Amino acid sequence: MGSFNYVFNDGSTTYCDSTSKWDVCSNPRQMVINYTLCSKTQFYSNGGIAYCVYSTSVGSTYYVTVVNADSTVDFSSSFRFTCFAVKSSGGLVYASDNKGACLTNQDPHTKSATGTGTLTFSAFKTCPFISDTTTETSSNKIGVIAGSVTGVALFVAAFVLAEILIYKNISTTRSNQTQ
């Protein structure tokens with residue numbers, strides 16, 4: 001995890017210089033591009049924000065799927081999902097992108113036919129990795145709290161229903177006794 005300077009190559013031209021910024025530190029599940037430093041769009045996003053939704057590895061290559069946070073996509077120049085094939089080597093991180101989904105044998109060093117190009121990242125800031133275990137623990141607490149609240153609400157509803165039935169039974173009995 002970190003904040004990176006990056007260079008982007010569309011297969012013929014290199015864009016962005018050492019001042020470009022790709023941030024994954026502020027929120028470890030979110031990627032933020034500063035388009036004022038490099039205006040070439042990434043992960044098919046006009047807003048420059050994406051969230052990691054899935055990652056897996058095959059050998060030393062990681063495949064990371066991100067979801068574009070733009071409110072709308074047009075499926076011509078912007079898409080909801082992008083897959084990055086990512087590999088680290090010699091202190092740099094290399095990646096290629098592909099719209100929609102990962103490709104079989106997608107290579108971090110080679111532009112995909114349906115991708116925009118390749119990226120070379122160099123970290124200028126590292127940040128601690130927050131594991132899925134931490135997130136699961138937080139989610140589990142939310143589940144316990146929600147379950148407890150639901151249980152209490154059901155208990156109160158059952159108690160109120162029982163009171164109503166008892167009241168109706170007493171009312172019916174009194175009514176029958178007065179006749």
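No experiment lies behind these values; they were computed from the predicted model shown.
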*Asks:* Is there a chain of hydrophobic side chains (I, L, V, M, F, W, Y, each step under 4.5 Å between heavy atoms) that links F81 to V32?
*Replies:*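 As far as the 4.5 Å side-chain criterion goes, V32 and F81 are connected within one cluster.
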*Asks:* Spell out, yes or no, whether Y35 and V24 are grouped together once hydrophobic residues are joined by side-chain heavy atoms under 4.5 Å, including indirect joins.
*Replies:*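 Yes.
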*Asks:* Contact between F79 and F43 at the side-chain level, heavy atoms closer than 4.5 Å - yes or no?
*Replies:*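 No, their side chains stay 4.5 Å or more apart.
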*Asks:* How far does OG of S20 sit from CG of N5, to the nearest 0.5 angstrom?
*Replies:*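 Atom-to-atom, S20:OG and N5:CG are 5.5 Å apart.
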*Asks:* Between atom NZ of K40 and atom CG of L119, what is the distance when rounded to the nearest 0.5 Å?
*Replies:*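 Rounded to the nearest 0.5 Å, the NZ-CG separation comes out at 11.5 Å.
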*Asks:* Is the F121 ring parallel, tilted or perpendicular to the Y6 ring (thresholds 30°, 60°)?
*Replies:*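 If you compare the ring of F121 with that of Y6, the planes turn out tilted.
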*Asks:* With a 4.5 Å heavy-atom cut-off, do V86 and T61 have their side chains touching?
*Replies:*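 Contact flag for V86/T61 side chains = no.
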*Asks:* Return the set of residues passing side-chain contact (heavy atoms from CB on, under 4.5 Å) with S57 (not counting sequence neighbours), or none when no residue passes.
*Replies:*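 side-chain contact (heavy atoms from CB on, under 4.5 Å) check on S57 returns Y62.
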*Asks:* Without placing hydrogens or testing angles, list every side-chain donor-acceptor pair under 3.5 Å for residues 95-104, not counting sequence neighbours.
*Replies:*
from : atom 1 : to   : atom 2 : distance (Å)
S96  : OG     : Q106 : NE2    : 3.4
S96  : OG     : D107 : O      : 2.8
D97  : OD1    : T116 : N      : 2.8
D97  : OD1    : T116 : OG1    : 3.3
D97  : OD1    : G117 : N      : 3.2
D97  : OD2    : T116 : OG1    : 2.4
N98  : OD1    : T114 : OG1    : 2.4
N98  : ND2    : A101 : O      : 2.7

*Asks:* Using the side-chain hydrogen bond (donor to acceptor under 3.5 Å, both in side chains) criterion, which residues pair with S77? Sequence neighbours excluded.
*Replies:*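 With neighbours one apart ignored, the set is D74.
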*Asks:* Identify, with sequence neighbours excluded, every residue that meets side-chain hydrogen bond (donor to acceptor under 3.5 Å, both in side chains) alongside T14.
*Replies:*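 For T14 the side-chain hydrogen bond (donor to acceptor under 3.5 Å, both in side chains) partners, ignoring immediate neighbours, are N9.
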*Asks:* Search all heavy atoms of K87 against all heavy atoms of P108 and return the closest pair with its distance.
*Replies:*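 In terms of heavy atoms, the two residues are closest at CB-CG, 3.7 Å.
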*Asks:* Applying the 4.5 Å side-chain criterion to the ILVMFWY set and letting contacts propagate, would V67 and I49 be lumped into a single cluster?
*Replies:*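 Yes; tracing contacts between hydrophobic side chains, which count when under 4.5 Å, links both residues.
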*Asks:* State which residues pass side-chain hydrogen bond (donor to acceptor under 3.5 Å, both in side chains) with T72; sequence neighbours excluded, sorted by chain then number.
*Replies:*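 Residues passing side-chain hydrogen bond (donor to acceptor under 3.5 Å, both in side chains) with T72: none at all.
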*Asks:* Output every pair passing ring pair (Phe, Tyr, Trp, His ring centres under 6.0 Å) with a member in residues 90-116, not counting sequence neighbours, ordered by first then second residue.
*Replies:*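 Pairs touching residues 90-116 that pass the test: Y94-H109.
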*Asks:* To the nearest 0.5 angstrom, please state how far the SG atom of C38 sits from the CH2 atom of W22.
*Replies:*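 It comes to 10.0 Å.
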*Asks:* Taking side chain to side chain donor-acceptor pair (under 3.5 Å) as the cut-off, I'd like each qualifying pair that reaches into residues 44-54, sequence neighbours left out, listed once.
*Replies:*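 Checked against side chain to side chain donor-acceptor pair (under 3.5 Å) - neighbours excluded - the pairs reaching residues 44-54 are Q30-Y51, S45-N68, S45-D70.
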*Asks:* Kindly give the cluster partners of Y63, where membership spreads through any ILVMFWY side chain lying under 4.5 Å from a current member.
*Replies:*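 Joined to Y63, directly or through intermediates: V58.
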*Asks:* With sequence neighbours left out, what residues match D10 under side-chain contact (heavy atoms from CB on, under 4.5 Å)?
*Replies:*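 F8, S12, T13, Y15.
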*Asks:* Who are the side-chain hydrogen bond (donor to acceptor under 3.5 Å, both in side chains) partners of T118, not counting sequence neighbours?
*Replies:*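 In terms of side-chain hydrogen bond (donor to acceptor under 3.5 Å, both in side chains), with neighbours along the sequence ignored, T118 is linked to no residue.
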*Asks:* With side chain to side chain contact (heavy atoms under 4.5 Å, CB included) as the test, pick out the partner of T82 among V66, T65, V64.
*Replies:*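 Exactly one option meets the side chain to side chain contact (heavy atoms under 4.5 Å, CB included) with T82, and it is V66.
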